[in-house]
Student: 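Mind looking over this structure? Questions follow.
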Amino acid sequence: MEPLWTEREFREPTNLVQMHDGRMLVTEQDGRIWAFDPAGGAVPAATEFLDITDRVSSRRSEEGLLGLALDPTDAGSVYVYYSAADPRRSVVSRFAVSADGSRVDPDSELVILEVGQPFANHNGGQIAFGPDGYLYIGLGDGGSAGDPLGSGQDTSSLLGSILRIDVSQSAPGQPYTIPPDNPFASGDGRGEIWAYGLRNPWRFSFDRNTGELWAGDVGQNRWEEIDLIQRGANYGWNVLEGSHCFSARDCDPTGTVPPVWEYSLDGQPCSVIGGYVYRGAAVPWLRGVYVYGDFCSGEVFGLRYADGRVVEHQRLADTELRIMSFGEDNDGEVYLLSQKSGIYRLGG
């Protein structure tokens with residue numbers, strides 16, 4: 001992998017996305033977004049794009065500025081997901097980009113959604129626009145351990161779910177609407193929910209070719225899982241951890257969707273970091289492979305999925321990095337974001 005350095009070493013980067021004009025945006029967990037031109041030389045300079053450290057709570061390791069999304073139809077705004085305090089909550093907001101595109105006005109915030117968080121961990125944090133134009137939001141089960149509030153199986157709660165909302169007409173007083181084809185739009189559960197039964201879907205992404213939604217769901221103590229997210233599907237937590245009974249000796253998996261792939265926590269791995277289906281040109285043999293990693297081991301893996309099953313799986317790299325996240329540029333190239341060691345481009 002090739003390091004993608006800037007003159008400023010990023011602190012705990014959580015997202016990397018590319019703007020319409022080619023610049024890269026990188027979020028830092030403490031509440032800053034930095035912009036740089038990847039074609040700006042061997043050491044491209046980064047400039048501050050947004051600073052909301054005054055409203056972001058990053059006191060605990062799983063809180064902070066966790067998500068960033070660019071509306072594919074509107075270059076004049078950015079969406080972020082961050083943790084706030086007093087009371088503890090997750091916030092999804094839209095900010096306006098300046099006319100010259102150089103920065104974001106921190107006073108332009110329009111809060112789209114706020115979700116109370118009972119604990120400091122399992123915040124999820126990924127946001128992304130789907131190919132349907134709707135905004136998808138990942139929320140963990142609310143934290144602690146074992147899902148003590150039962151959020152994963154409670155469709156009256158937004159926790160433990162991936163949400164899908166329409167922000168195309170966002171305005172004060174009505175920041176979003178619920179798409180009518182959402183599975184619970186009729187009122188049998190929270191209308192925002194697209195899928196549920198998740199523990200902590202820290203990172204998810206859309207395959208830019210097929211539109212499929214892939215998620216890495218962080219497990220408890222035994223199993224990490226990769227899921228293909230489907231409309232209205234129940235992924236089992238906390239009845240199941242991966243495809244295995246979580247706490248009871250026997251459990252009923254009826255009505256749940258098993259993971260596409262899972263791996264045991266025996267040994268060094270600890271937290272799956274969901275990535276992207278590779279659609280770039282730099283590594284032709286990797287096209288169509290879902291690339292993901294593990295935070296503790298630093299390993300990067302790839303799996304190929306066809307005809308409803310994984311037909312190939314292998315370790316691609318043993319980086320020894322603390323992998324925080326992955327990013328994708330406009331050409332489908334994939335990047336690895338490490339906690340303290342920079343940003344790397346796959347295929348370098």
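Only this structure's heavy atoms are used, side chains among them; waters, hydrogens and symmetry mates stay out.
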Student: Do R199 and E225 meet the salt-bridge criterion of a basic N to acidic O distance under 4.0 Å?
Tutor: no
Student: Indicate whether any N or O donor in one side chain lies under 3.5 Å from an N or O acceptor in the other, for R287 and N209.
Tutor: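 There is no such pair (donor and acceptor under 3.5 Å, judged by atom type) between the side chains of R287 and N209.
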Student: Taking the basic N atoms (NZ, or NE/NH1/NH2) and the acidic carboxylate oxygens, is any pair closer than 4.0 Å for R32 and D30?
Tutor: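 Looking at R32 and D30, the cut-off is met.
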Student: Does L113 belong to the same Ile/Leu/Val/Met/Phe/Trp/Tyr cluster as L159, with side-chain heavy atoms less than 4.5 Å apart forming each link?
Tutor: yes
Student: Side chains of H244 and R222: do they bring a donor and an acceptor to under 3.5 Å?
Tutor: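 Per modelled atom types, H244 and R222 side chains form no pair under 3.5 Å.
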Student: Classify the side-chain pair T14/T27 by whether it contains a donor and acceptor separated by less than 3.5 Å.
Tutor: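 Yes, a side-chain donor-acceptor pair sits under 3.5 Å.
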Student: OH/Y263 to CZ/F301 distance, rounded to the nearest 0.5 angstrom?
Tutor: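 One gets 6.5 Å once the value is rounded to the nearest 0.5 Å.
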Student: Could you tell me which residues satisfy side-chain hydrogen bond (donor to acceptor under 3.5 Å, both in side chains) with S90, sequence neighbours excluded, listed by chain and number?
Tutor: Y81, Q117
Student: So that I can tick it off, tell me whether R164 and D132 are bridged by a salt bridge, with the cut-off set at under 4.0 angstrom between side-chain N and carboxylate O.
Tutor: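 R164 and D132: salt-bridged.
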Student: Applying a strict under-4.5 Å side-chain criterion to I, L, V, M, F, W and Y, I'd like to know whether I112 and V104 cluster together.
Tutor: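 They do not share one cluster, since no chain of ILVMFWY contacts under 4.5 Å joins I112 to V104.
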Student: Assess whether atom CG of D100 is packed by more than 12 heavy atoms of other residues, nucleotides or ligands within 6.0 Å.
Tutor: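 Atom CG in D100 is crowded, with more than 12 foreign heavy atoms closer than 6.0 Å.
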Student: Let me see the working for T210 and D207 under side chain to side chain donor-acceptor pair (under 3.5 Å), right down to the final yes or no.
Tutor: CA-CA 6 Å; T210 68; D207 181 339; 3.1 Å; yes
Student: Please determine whether side chain to side chain donor-acceptor pair (under 3.5 Å) holds for the pair Q153 and N234, giving the CA-CA distance in whole Å, both sets of side-chain angles, and the decisive distance to 0.1 Å.
Tutor: CA-CA 8 Å; Q153 294 299 306; N234 175 6; 2.8 Å; yes
Student: Return yes if a side-chain donor-acceptor contact under 3.5 Å exists between S243 and E262, otherwise no.
Tutor: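 There is such a pair between these side chains.
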Student: So if I apply the ring-ring contact (aromatic ring centres under 6.0 Å, His included) rule between W214 and each of Y305, F326, W261, which one comes out positive?
Tutor: Y305
Student: Determine whether a donor-acceptor pair (N or O, by modelled atom type, separation under 3.5 Å) exists between the side chain of D294 and the backbone of G298.
Tutor: no
Student: Do R279 and E333 meet the salt-bridge criterion of a basic N to acidic O distance under 4.0 Å?
Tutor: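 Salt bridge: no.
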Student: When you measure from the side chain of S83 to the backbone of G64, do you find a donor-acceptor pair of N or O atoms at a distance under 3.5 Å?
Tutor: yes
Student: So, does Y235 use its side chain to make a donor-acceptor pair with the main chain of L228 at under 3.5 Å?
Tutor: yes
Student: Running the 4.5 Å side-chain criterion over Ile, Leu, Val, Met, Phe, Trp and Tyr, what cluster does V239 land in, apart from itself?
Tutor: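 Taking Ile, Leu, Val, Met, Phe, Trp and Tyr as members, V239 shares its hydrophobic cluster with L240.
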Student: Would you say I127 and V167 are hydrophobically clustered, going by side-chain heavy atoms of ILVMFWY under 4.5 Å?
Tutor: yes
Student: Taking side-chain hydrogen bond (donor to acceptor under 3.5 Å, both in side chains) as the definition, give me every residue that meets it alongside E109, ordered by chain and number, with sequence neighbours left out.
Tutor: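 In terms of side-chain hydrogen bond (donor to acceptor under 3.5 Å, both in side chains), with neighbours along the sequence ignored, E109 is linked to R55, Y82, S93.
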Student: In terms of side-chain heavy atoms, does Q169 have a donor or acceptor partner in Y176 at a distance below 3.5 Å?
Tutor: no
Student: Evaluate the criterion ring-ring contact (aromatic ring centres under 6.0 Å, His included) for residue pair Y79 and F95; output intermediate values, then yes/no.
Tutor: CA-CA 6 Å; Y79 291 79; F95 288 86; 9.4 Å; no
Student: Kindly determine whether F206 and F129 satisfy ring-ring contact (aromatic ring centres under 6.0 Å, His included), including the steps that lead there.
Tutor: CA-CA 9 Å; F206 290 93; F129 281 91; 9.8 Å; no
